[in-house]
Amino acid sequence: MHTSKRILHFLMRLCFPALGIRLTLSALPLLSAPAQAQATSPIPIPRPEVVQAVTAEIAIPLQKPNIPVTQKRMELSLREAIFIGLGNNRTIETACILRYPQRYNLKVEEAQFVPQFSVSGEFSQFADRNQNTTRSAITPQAQLKTPTGAQFKFAWNNGGSIRKELQGVSSIVEVTAEQPLLKGGGTEVNLAPLQIARLAEKANILRLNATVAEVVGAIIFSYRDLLLTQEELKLAKLSVQRAEKLVENNEALINAGRMAPLDIIQTQADLENQRLRVLQAMQNLATAKLKLADLLALKLDNPIVAKKNTVPGNITININQLIPVALANRPDYLGQLNTIAQTKHGLIRAENEKLWDLKLFARGRYGLESSSHSNFQNVSDATVGLRFNLELNNPAPQRDFIQASSNREIAYVRLFEIRQGLEKQIRGTASEVRLLWKQIKLAETAEELARKAVEVELAKLNAGRSTSFQVRTLEDRLRDSETQLLAARIGYQNALTRLDLQLGTTLKTWGINMPNFKGNKERCH
């Protein structure tokens with residue numbers, strides 16, 4: 001007996017060191033109890049301090065469980081969700097950040113007709129084997145370009161040099177003016193880059209509006225997906241309740257001897273299927289919450305709940321009125337009009353580049369200069385002339401002109417394509433809105449009739465004039481009718497939102513004024 005206990009003790013310590021020690025301390029006295037009268041030598045038990053040291057070394061320390069604090073439900077209306085998205089959405093934030101360099105590009109182009117000032121200077125020391133020369137110069141300068149292409153330059157040249165005993169000092173003002181007569185001349189050509197920059201700024205604002213409208217649309221669709229999954233979960237739970245009542249009803253009929261026990265099996269199976277649908281609806285709900293929280297840039301564990309909204313009434317749609325609205329508000333259509341205007345200015349510049357380079361110029365110098373052997377002398381001279389440069393066989397200007405002409409023609413083709421696509425979208429969505437409204441009315445009638453059919457069939461079942469199979473079949477149809485009605489209502493609202501996006505009126509619909517919109521970046525407008 002002692003040998004078996006020693007072997008057991010050894011194996012437990014070998015295979016499970018910590019558990020072996022604990023078990024031997026508790027189990028071995030029980031094993032040795034019957035034989036204590038015969039045993040003369042005690043079983044060797046580790047000292048308490050040894051056991052404590054071993055268990056402290058290998059035991060996992062208990063930590064306080066990290067139990068998440070239950071958060072209150074975050075109930076949001078659709079307008080509240082849009083407001084949060086405008087302030088937090090990362091796509092809008094990125095678009096706002098890009099607005100600063102875009103606006104600065106326009107500022108650079110507008111500064112080309114503003115006087116530019118600069119100061120240049122030099123200080124140098126020259127040495128060779130014969131002499132050392134020290135030179136210094138500082139020249140304030142100013143230049144101005146006018147919309148006609150004329151350029152005026154002013155330079156005040158101040159300099160001096162020291163070379164052994166020789167010294168030289170000069171202070172001369174030089175003014176030059178140059179006016180292109182053919183290539184580069186005229187307000188239309190010189191204002192073209194500024195006009196292109198202004199049109200590009202308008203296009204950037206339109207793109208920002210389109211980005212914000214797309215994000216608002218995405219938030220609306222995601223919000224309604226959440227609302228849809230919430231209602232689907234409610235419908236699934238109602239189906240479970242109806243299935244449970246049917247099982248209870250069947251059990252009562254079986255107890256009363258009015259139904260065979262085997263007939264309840266299919267009803268119980270249907271109950272489990274309904275419970276499975278509840279789990280699937282819960283998963284869909286969790287996915288919808290994550291998607292909306294991501295769009296709103298909220299914490300992903302926020303318990304977002306969509307407030308139930310009412311379905312709008314029937315909206316009369318007139319295609320002939322909607323098309324002009326879209327042409328006046330669609331960012332892509334208005335942006336393409338800007339592109340056409342840009343190609344017009346680009347064509348003007350390309351055509352001007354084909355002309356001769358002929359310029360009228362004038363230059364005048366006024367000031368004083370002196371050397372070590374003479375006093376200050378006045379400097380006064382003026383030059384007027386005509387300068388030209390003829391490129392006899394350079395094909396690049398003609399290439400650029402052909403490219404600019406092609407870009408303009410392609411821009412018009414793209415405009416017609418956008419207009420036709422716009423009309424196609426609006427006509428399709430308008431037809432969808434009409435059909436979905438009719439579908440809502442039919443689905444409401446179907447749901448009401450299916451509910452009454454279930455009530456009648458349950459009464460017949462209680463009277464022994466129907467079967468559980470027939471009740472389950474009608475309840476399946478009721479569940480399908482409820483789902484179809486819910487999908488039709490959400491689909492109708494989504495179709496109206498798509499139509500709003502296609503008309504380019506989403507920001508107006510929700511009262512979002514972009515010139516005053518700051519979001520989370522003040523440079524966004």
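Along the sequence shown, residues carry numbers from 1.
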Using the rule given for salt bridge (charged side-chain N to carboxylate O under 4.0 Å, His left out), can you reason through Glu201 versus Arg99, listing the C-alpha separation, both sets of side-chain angles and the distance that settles it, and then say yes or no? CA-CA 9 Å; Glu201 175 65 7; Arg99 288 293 297 124; 2.5 Å; yes

Backbone of [Y] reached by a side-chain donor or acceptor of [X] within 3.5 Å:
X	Y	value
Glu231	Ala487	no
Asn394	Ala396	yes
Thr211	Arg207	yes
Tyr223	Leu76	yes
Gln151	Gly149	no
Asn352	Ile348	no
Asp500	Thr509	no
Asn407	Gln403	yes
Glu80	Ser77	yes
Arg419	Tyr333	no

Whether [Y] and [X] form a salt bridge (side-chain N of Lys/Arg under 4.0 Å from carboxylate O of Asp/Glu) is what I want to check.
X	Y	result
Glu232	Arg277	no
Arg387	Glu178	yes
Glu353	Lys183	yes

Under 6.0 Å from the CD atom of Gln125, do we count more than 12 heavy atoms belonging to anything else shown?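 It does: Gln125 CD has more than 12 such atoms within range.
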
If I compare all heavy atoms of [X] with all of [Y], which pair ends up nearest, and what's the gap?
X	Y	answer
Gln141	Ser120	NE2-OG, 3.1 Å
Thr343	Arg408	OG1-NH1, 3.5 Å
Leu386	Phe361	N-CE2, 3.5 Å
Thr483	Leu235	N-CD1, 4.1 Å
Ala341	Leu199	CB-CD1, 3.4 Å
Leu285	Thr229	CD1-OG1, 3.3 Å

I'd like to know whether Asp301 forms a salt bridge (charged side-chain N to carboxylate O under 4.0 Å, His left out) with Lys299, so could you lay out the CA-CA distance, the side-chain angles of the two residues, the decisive distance to 0.1 Å, and finally the verdict. CA-CA 5 Å; Asp301 59 348; Lys299 291 183 178 181; over 6 Å; no

Check step by step if side-chain contact (heavy atoms from CB on, under 4.5 Å) holds for Asn318 and Leu322. CA-CA 6 Å; Asn318 188 338; Leu322 293 182; 5.8 Å; no

Step by step, would you call Arg498 with Glu432 a salt bridge (charged side-chain N to carboxylate O under 4.0 Å, His left out)? CA-CA 10 Å; Arg498 281 194 297 273; Glu432 183 183 7; 2.7 Å; yes

Determine, stepwise, if the pair Thr383 / Arg365 fulfils side-chain hydrogen bond (donor to acceptor under 3.5 Å, both in side chains). CA-CA 9 Å; Thr383 305; Arg365 298 173 65 247; over 6 Å; no

Applying side-chain contact (heavy atoms from CB on, under 4.5 Å), run through Glu444 and Ile440 and close with a yes or a no. CA-CA 6 Å; Glu444 287 175 348; Ile440 287 176; 3.7 Å; yes

[X] [atom1] to [Y] [atom2] distance, which is reported to the nearest 0.5 Å:
X	Y	atom1	atom2	value
Asn338	Asn204	CG	CG	10.0 Å
Ile315	Leu496	CD1	CG	4.5 Å
Leu422	Asn329	CG	CG	10.5 Å
Leu78	Leu226	CG	CG	11.0 Å
Asn393	Glu391	CG	CD	9.0 Å
Leu499	Thr506	CG	OG1	9.5 Å

Side chains of Glu122 and Ser136 in contact at under 4.5 Å (non-hydrogen atoms):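 Result no, sub-4.5 Å side-chain heavy-atom pair not found.
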
Does some side-chain heavy atom of Arg224 sit less than 4.5 Å from a side-chain heavy atom of Thr497?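 Sidechains of Arg224 and Thr497: in contact.
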
Test log, rule salt bridge (charged side-chain N to carboxylate O under 4.0 Å, His left out), inputs Glu110 and Lys107: CA-CA 5 Å; Glu110 289 176 338; Lys107 185 178 180 181; over 6 Å; no

Could you walk me through whether Lys307 and Gln230 pass the side-chain contact (heavy atoms from CB on, under 4.5 Å) test, one step at a time? CA-CA 10 Å; Lys307 293 181 180 179; Gln230 287 179 183; over 6 Å; no

Report the C-alpha separation of Trp156 and Ser171 in whole Å, then their side-chain angles, then the decisive distance to 0.1 Å, and conclude whether the side-chain hydrogen bond (donor to acceptor under 3.5 Å, both in side chains) test is met. CA-CA 7 Å; Trp156 184 12; Ser171 179; 2.9 Å; yes

I'd like to know whether Asn158 forms a side-chain contact (heavy atoms from CB on, under 4.5 Å) with Thr139, so could you lay out the CA-CA distance, the side-chain angles of the two residues, the decisive distance to 0.1 Å, and finally the verdict. CA-CA 6 Å; Asn158 298 281; Thr139 305; over 6 Å; no

Answer yes or no for Lys354 and Phe401: cation-pi contact, defined as NZ/CZ to six-membered ring centre under 6.0 Å and angle to ring axis within 45°.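 Judged by the rule (NZ or CZ under 6.0 Å from the ring centre, within 45° of its axis), Lys354 counts as positioned above Phe401.
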
Is it true that Thr339 and Arg414 share a donor-acceptor pair across their side chains at a distance under 3.5 Å?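 Result is no, nothing qualifies.
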
Among pairs that include at least one residue of residues 403-437, which meet ring-ring contact (aromatic ring centres under 6.0 Å, His included), considering only residues two or more places apart or in two chains?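 Applying ring-ring contact (aromatic ring centres under 6.0 Å, His included) to every pair that reaches into residues 403-437, excluding sequence neighbours, yields Trp437-Tyr492.
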
Evaluate the side-chain hydrogen bond (donor to acceptor under 3.5 Å, both in side chains) criterion for residues Arg330 and Gln425: first the C-alpha distance (whole Å), next the side-chain angles of each, then the deciding distance (0.1 Å), finally the verdict. CA-CA 12 Å; Arg330 277 281 290 255; Gln425 287 180 345; 3.2 Å; yes

Per the side chain to side chain contact (heavy atoms under 4.5 Å, CB included) rule, which among Ile196, Leu191, Leu194, Val189 passes with His345?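 Going through the options one by one, the only one that passes is Ile196.
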
Between Thr148 and Gln179, does the side-chain hydrogen bond (donor to acceptor under 3.5 Å, both in side chains) criterion hold? Intermediate values first, please. CA-CA 8 Å; Thr148 63; Gln179 172 63 57; 3.2 Å; yes

